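Remember, it's a predicted structure, so these values are computed and weren't measured experimentally. Note that ligands are numbered from 1 as they come in the structure, with each ligand's atoms numbered from 1 the same way.
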Amino acid sequence: MPRLYDSRKRILVTGGAGFLGSHLIDRLLQQGHEVLCVDNLFTGTKRNMEHLHSNPRFEFMRHDVTFPLYVEADEIYNLACPASPVHYQHDPVQTTKTSVHGAINMLGLAKRLGCRILQASTSEVYGDPAIHPQTESYWGNVNPIGPRSCYDEGKRCAETLFFDYHRQHGLEIKVARIFNTYGPRMHPADGRVVSNFIIQALTGKPITLYGDGNQTRSFCYVDDLVDGLIKLMASPTGFTGPVNLGNPVEFTMKELAELIVSETGSTSTLINEPLPQDDPKQRKPDISVAQTQLGWTPSIPLRDGLKHTIEYFRGDLG
Ligand code: NAD
Ligand code: UDP
Ligand code: UDP
């Protein structure tokens, strides 16, 4: 049900035409807020917003966050940044600019408006982690000069900027370290493991396991993640994070492939391909901070989330 008008906020979502951003916008509109989506459509698509155009509380603005932005808002979610290795390595300089210049501009905007700002950071700030599971106090193991660095170091620098604006200018910041998230509207060509495996399984192509497939990831369904972001934004003043948001149930990529083959009823076989450089061997969030500070725990098991995602891609391919 829409909230009363006096609790309606004008919320800016950068990167709102992308996978996570479009789901976040759906939820914010359901709550009765007004949403301004700012996106340069690098990896996002108009299709993700198609269902919103008749909504008078939704507005789209095509804009690159590396350039200054003068708008009005009560809250800012800063999600703009390509997220998959294939996309962020396509133009690595632009990726770093998006994280760093984009953060400066959105922080400058939040400073002028005196509003809360949330940063979509990432588990990649932990790099190839030497401790397991990863807690927020871990400083990470990141290669500063490798092919993933434009993303990892860009996101680390964005976190630095968020905390410096907080300390230096008293800005109300919220930093979420998001772990692998999946669901409908993932870009079919972004090369991420869940979308790759589902598309391969549905089209009867071999499932491409990079390396031996024993590396692990923990997959969070998008609806759970959106809950976490909204709870973080609403958390008490003074709680800045960083806070891990992800599903702590860990799978090997081989297990994921087998689960997807079984859920799709596919005849695809598994093949091994070379492991990309600097590919983290294991990743699993410690979510005790999110549980105690936000009362947040993901509730959707991988098998259920995969069913929704497979259904989406079936429609997309069919
Ligand atoms: P996505 O690629 O689907 O969405 C990113 C959006 O940002 C796209 O719509 C893209 O067009 C837009 N964008 C990119 N550069 C921009 C720029 N310079 N100016 C304006 N818009 C720009 O990715 P996603 O999975 O939805 O990720 C959203 C955010 O969450 C990203 O910041 C990403 O780093 C973070 N994140 C995602 C995951 C995940 O598993 N999906 C994990 C960790 C962090
Ligand atoms: N900025 C913006 N929108 C605003 C206010 C600022 O895009 O409403 C950008 C502007 O480009 C500026 C940057 O945010 O360079 C950082 O702003 P800040 O006030 O921190 O620093 P300034 O560079 O203005 O001293
Ligand atoms: N991966 C894979 N086959 C693919 C795509 C990815 O085995 O077709 C592996 C990849 O090497 C990594 C894991 O799956 O170990 C997750 O990759 P993704 O690109 O989805 O995300 P990230 O590495 O950023 O966690």
**Message:** Show the atoms of ligand 1 that are less than 4.0 angstrom away from any heavy atom in G18.
**Reply:** 3 (O), 4 (O), 8 (C), 9 (O)
**Asked** Among Y151, F179, Y182, whose heavy atom sits nearest atom 36 (N) of ligand 1?
**Response** Y151
**Asked** Backbone, side chain, both or neither: what part of S84 comes under 4.0 angstrom of ligand 1, heavy atoms only?
**Response** neither
**Message:** So, regarding F42 and ligand 1 (criterion: nitrogen or oxygen to nitrogen or oxygen, under 3.5 Å), is there a contact or not?
**Reply:** yes
**Prompt:** R148 to ligand 3: N or O pair under 3.5 Å?
**Reply:** yes
**Request:** Applying salt bridge (charged side-chain N to carboxylate O under 4.0 Å, His left out), name anything that partners K281, two or more places apart in sequence or on another chain.
**Result:** D128
**Prompt:** Which ligand 1 atoms are under 4.0 Å away from a heavy-atom of Q94?
**Reply:** 18 (N)
**Request:** Could you see which bit of M186 sits under 4.0 Å from ligand 3, with heavy atoms only: side chain, backbone, both or neither?
**Result:** neither
**Distance-only polar pair, side chains of T14 and N78, donor-acceptor under 3.5 Å** = yes
**Request:** Pick whichever of N78, N180, T95, N40 has a heavy atom sitting closest to atom 16 (C) of ligand 1.
**Result:** N40
**Minimum non-hydrogen distance to atom 30 (O) of ligand 1, winning option of L225, T66, V13, L20** = L20
**Request:** Would you mind finding which of G44, C37, C81, A17 brings a heavy atom closest to atom 7 (O) of ligand 1?
**Result:** C81
Could you check ligand 2 for N or O atoms lying under 3.5 Å from protein N or O atoms and list the pairs with distances?
unit_1   : atom_1 : unit_2 : atom_2 : d
ligand 2 : 3 (N)  : L69    : O      : 2.7
ligand 2 : 7 (O)  : L69    : N      : 2.8
ligand 2 : 7 (O)  : L69    : O      : 3.3
ligand 2 : 8 (O)  : R112   : NE     : 2.5
ligand 2 : 8 (O)  : R112   : NH2    : 3.2
ligand 2 : 11 (O) : N105   : OD1    : 3.2
ligand 2 : 14 (O) : I104   : O      : 3.4
ligand 2 : 19 (O) : K111   : NZ     : 2.8
ligand 2 : 20 (O) : K111   : NZ     : 3.4
ligand 2 : 20 (O) : Y165   : OH     : 2.5

**Message:** Once salt bridge (charged side-chain N to carboxylate O under 4.0 Å, His left out) is applied, do any residues pair with K307, and if so which ones, sequence neighbours excluded?
**Reply:** E263
**Message:** Heavy atoms only: which of R192, R217, H87 lies closest to atom 41 (N) of ligand 1?
**Reply:** R192
**Request:** Would you please determine whether K155 falls within less than 4.0 Å of ligand 1 on a heavy-atom basis?
**Result:** yes
**Asked** Should M49 and V65 be counted in the same cluster of Ile, Leu, Val, Met, Phe, Trp and Tyr side chains packed under 4.5 Å apart?
**Response** no
**Message:** Under the rule for salt bridge (charged side-chain N to carboxylate O under 4.0 Å, His left out), what residues qualify as partners of D304, not counting sequence neighbours?
**Reply:** none
**Prompt:** Does V193 approach ligand 3 within less than 4.0 angstrom via side chain, backbone, both or neither, non-hydrogen atoms only?
**Reply:** both
